[in-house]
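Single-structure report; data block below.
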Amino acid sequence: MIGVILAAGMAKRLRPLTDAKPKCLLEVGGKTLLQRTVDAMTQTGICEFVVVTGYKAPMIQEFLSQHYLGQSTPLSATPSFHFIDNPDYEHNNNIYSLWLAGQIVRGKDFLLMDSDILCDAAAVAAVASQDGSALALNRHELGEEEMKVVVDENMNITEISKACSPLKALGESVGIEKITACYSEALFQELDKMIEQEGLIDIFYEQAFERLIAQGHTFTVIDTTRFFSYELDTPEDYEQAIRFIPQELL
């Protein structure tokens, strides 16, 4: 399985913290968000990564090269990284970065994460260990901004969007997805249509997930509420994350 990390965005809402560095290189508990993501993925056995960069891309490449390439590691294999540039990151959203990753992962099993997720590595492992396509979900009070998830009696997703009714939704997508080879092929076919024919470059990739449901492709939800996770959108969120991260994750 390949690890796909989307790290192209500018994180404007986190300014001034992201004026000099990308969001994924902010530190919480002495480790960058990106390091935590890579380490969590490697603990599941992943050693090949696709990293889609854009804003301050050289800093991300340098960080990963210094921390992982050619360094002694307790892992069974030293991680390898494929870097893909999103040249127009200022004018597109993560759907475009995901589409670019298809150059390598189309039709293959992969684990998808944004580079700015702060969470317990156990949540990543819980999703990666599933046989089929799976998505991490946290249960909490929902509002308009969350990526909400509605499921059926078998915990399969029937709706996923910010527009879902909070009353119908089970919870919020964390941003950790295991995608099987079969789903991957269908996903990139849909992304080709959305990007190349419809010009839908400035939306969230979950809209592709939503469209695939009608075609018989969905995810099984994995409830990861018991594991720590925190969304960092503003400087205030960042300060709260530093304050609340559990001691065992430092």
Side-chain angles (χ1 to χ4, degrees), residues 4-6 9 13 37 40 92-99 101-102 105 109-120 122-195 198 200-233 237:
V4 174
I5 301 174
L6 306 183
R13 294 169 62 188
T37 299
N92 58 54
N93 211 319
N94 60 10
I95 190 171
Y96 194 83
S97 291
L98 177 56
W99 179 65
V105 299
D109 294 338
F110 66 95
L111 188 65
L112 173 64
M113 293 181 65
D114 290 327
S115 63
D116 57 1
I117 297 174
L118 176 63
C119 69
D120 190 329
V124 180
V127 176
S129 65
Q130 301 303 308
D131 291 332
S133 294
L135 178 147
L137 173 141
N138 281 0
R139 299 175 187 246
H140 60 82
E141 185 176 349
L142 300 171
E144 294 183 359
E145 284 302 310
E146 290 87 359
M147 185 61 65
K148 294 174 281 293
V149 177
V150 180
V151 301
D152 63 17
E153 65 276 6
N154 297 315
M155 294 292 282
N156 293 323
I157 296 176
T158 59
E159 295 180 53
I160 177 169
S161 76
K162 290 190 174 185
C164 292
S165 167
L167 298 178
K168 292 173 56 181
L170 179 66
E172 177 185 12
S173 174
V174 177
I176 308 168
E177 296 93 11
K178 178 183 178 180
I179 294 177
T180 63
C182 179
Y183 192 104
S184 175
E185 186 60 47
L187 172 63
F188 286 104
Q189 287 182 16
E190 191 65 28
L191 289 174
D192 287 344
K193 179 180 178 182
M194 296 174 77
I195 300 293
E198 302 175 33
L200 299 174
I201 63 171
D202 194 21
I203 60 175
F204 297 109
Y205 58 66
E206 285 87 356
Q207 290 198 32
F209 298 166
E210 176 92 355
R211 288 169 59 147
L212 285 172
I213 293 171
Q215 301 175 36
H217 301 282
T218 190
F219 293 93
T220 298
V221 160
I222 307 302
D223 190 337
T224 57
T225 307
R226 65 189 183 280
F227 303 119
F228 174 82
S229 67
Y230 210 91
E231 185 174 1
L232 308 180
D233 288 326
D237 292 338

Does [X] reach the main-chain N or O of [Y] with its side chain, forming a donor-acceptor pair under 3.5 Å?
| X | Y | result |
| --- | --- | --- |
| E185 | C182 | no |
| S173 | K148 | no |
| D152 | M155 | yes |
| D109 | A181 | yes |
| Q207 | I203 | no |
| S129 | A125 | yes |

Minimum heavy-atom separation for [X] and [Y], please, with both atom names.
| X | Y | answer |
| --- | --- | --- |
| Q130 | A134 | CG-CB, 3.7 Å |
| D237 | L232 | O-CD2, 3.6 Å |
| E210 | S161 | OE1-N, 4.4 Å |
| T218 | S133 | O-CB, 3.9 Å |
| M113 | C119 | CE-SG, 4.5 Å |
| G132 | T180 | C-CG2, 3.6 Å |

Check: [Y] and [X] side chains under 4.5 Å, non-hydrogen atoms:
| X | Y | answer |
| --- | --- | --- |
| V149 | L170 | no |
| I95 | I195 | yes |
| V150 | I157 | no |
| V221 | N156 | no |
| L6 | Y205 | yes |
| L98 | F188 | yes |
| D223 | R139 | yes |
| W99 | E190 | no |

Roughly how far, to the nearest 0.5 Å, is the [atom2] atom of [Y] from the [atom1] atom of [X]?
| X | Y | atom1 | atom2 | answer |
| --- | --- | --- | --- | --- |
| N93 | L200 | CG | CG | 11.5 Å |
| M147 | K162 | CE | NZ | 5.5 Å |
| S97 | N92 | OG | CG | 6.0 Å |
| F228 | L118 | CZ | CG | 5.0 Å |
| I160 | L212 | CD1 | CG | 11.0 Å |

_Electrostatic pair R13-E145, nearest N-O below 4.0 angstrom_ =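 Salt bridge between R13 and E145, a charged N being under 4.0 Å from a carboxylate O: no.
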*Pair K168 + E159: basic N to acidic O under 4.0 Å*: yes
So does [X] have more than 12 non-hydrogen atoms from other groups sitting under 6.0 Å from [atom1]?
| X | atom1 | answer |
| --- | --- | --- |
| Y230 | OH | yes |
| Q215 | CD | yes |
| N154 | CG | yes |

*Check the pair T37, S115 against side-chain hydrogen bond (donor to acceptor under 3.5 Å, both in side chains), reporting the backbone distance first and the verdict last.*
CA-CA 7 Å; T37 299; S115 63; over 6 Å; no
*Can F227 and V124 be said to form a side-chain contact (heavy atoms from CB on, under 4.5 Å), step by step?*
CA-CA 10 Å; F227 303 119; V124 180; over 6 Å; no
*Report the C-alpha separation of R211 and E198 in whole Å, then their side-chain angles, then the decisive distance to 0.1 Å, and conclude whether the salt bridge (Lys or Arg N to Asp or Glu O under 4.0 Å) test is met.*
CA-CA 13 Å; R211 288 169 59 147; E198 302 175 33; 2.9 Å; yes
*asked:* Set out, in order, the CA-CA distance, both residues' side-chain angles and the distance that settles side-chain contact (heavy atoms from CB on, under 4.5 Å) for I176 and L135, then state yes or no.
replied: CA-CA 6 Å; I176 308 168; L135 178 147; over 6 Å; no
_For Y183 together with F219, are the ring centres under 6.0 Å from each other?_
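Centroid distance F219-Y183: below 6.0 Å, so yes.
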_side-chain hydrogen bond (donor to acceptor under 3.5 Å, both in side chains), that's the test. Do N138 and T224 meet it? Break it down for me._
CA-CA 6 Å; N138 281 0; T224 57; 2.8 Å; yes
*Would you check, one step at a time, whether the test side-chain contact (heavy atoms from CB on, under 4.5 Å) holds for F110 with E177?*
CA-CA 8 Å; F110 66 95; E177 296 93 11; over 6 Å; no
*asked:* Please determine whether side-chain contact (heavy atoms from CB on, under 4.5 Å) holds for the pair H140 and T225, giving the CA-CA distance in whole Å, both sets of side-chain angles, and the decisive distance to 0.1 Å.
replied: CA-CA 8 Å; H140 60 82; T225 307; over 6 Å; no
